[in-house]
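What follows is one structure encoded as structure tokens, with my remarks underneath.
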Amino acid sequence: MLGDTDGAAEPSGPAAGLAQLTSREREIAELVAEGLTNQAVASRLCLSPRTVESHIARVYRKTGVPSRAALATLVARHTATAPGTPPPS
């Protein structure tokens, strides 16, 4: 059957967008979710602030979230429900 995933539900909406992020976009999304500014992310990853802005714009587009706060919420929810993620201490 076309699109059959062995009964597993495919993520939809913003969660599906997270699955499409590159490893660098995921890394930047996680740092933004921690509350870091573009400048702080750039410094930590040895990137220019403009490069960080470009990555964040792609993350917004892929996930469909409109703001840093919405991205932080999405990342936090995904992290809390991802298999193999240790529970918060």
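Side chains are part of it too, since the values below use all heavy atoms of this structure and drop only hydrogens, waters and symmetry mates.
Side-chain atoms of Y60 come within 3.5 Å of backbone atoms of R68 as a donor-acceptor pair (strictly under, hydrogens ignored).
Put simply, CZ on R24 and CG on L47 are 4.5 Å apart, with the number rounded to the nearest 0.5 Å. Taking OG1 of T22 as the start and CZ of R58 as the end, the distance is 7.0 Å to the nearest 0.5 Å. L21 CG to H55 NE2: the interatomic distance, rounded to the nearest 0.5 Å, is 11.0 Å. In this structure, OG on S43 lies 11.0 Å from CG on N38, to the nearest 0.5 angstrom. With rounding to the nearest 0.5 angstrom, the CD1 atom of I28 is 6.0 Å from the CG atom of L45. Note that CZ of R61 and CD of E25 are 8.5 Å apart. Values are rounded to the nearest 0.5 Å.
Contact between A70 and V65 at its shortest, heavy atoms only, is CB-CB, 3.9 Å. In plain terms, the two heavy atoms of P49 and A42 that are nearest each other are N-CB, 3.7 Å.
Counting heavy atoms from C-beta on, the side chains of R26 and L18 never come closer than 4.5 Å. With contacts defined as side-chain heavy-atom distances shorter than 4.5 Å, the pair L31/E34 qualifies.
A side-chain N or O of S48 and one of T51 form a donor-acceptor pair less than 3.5 Å apart.
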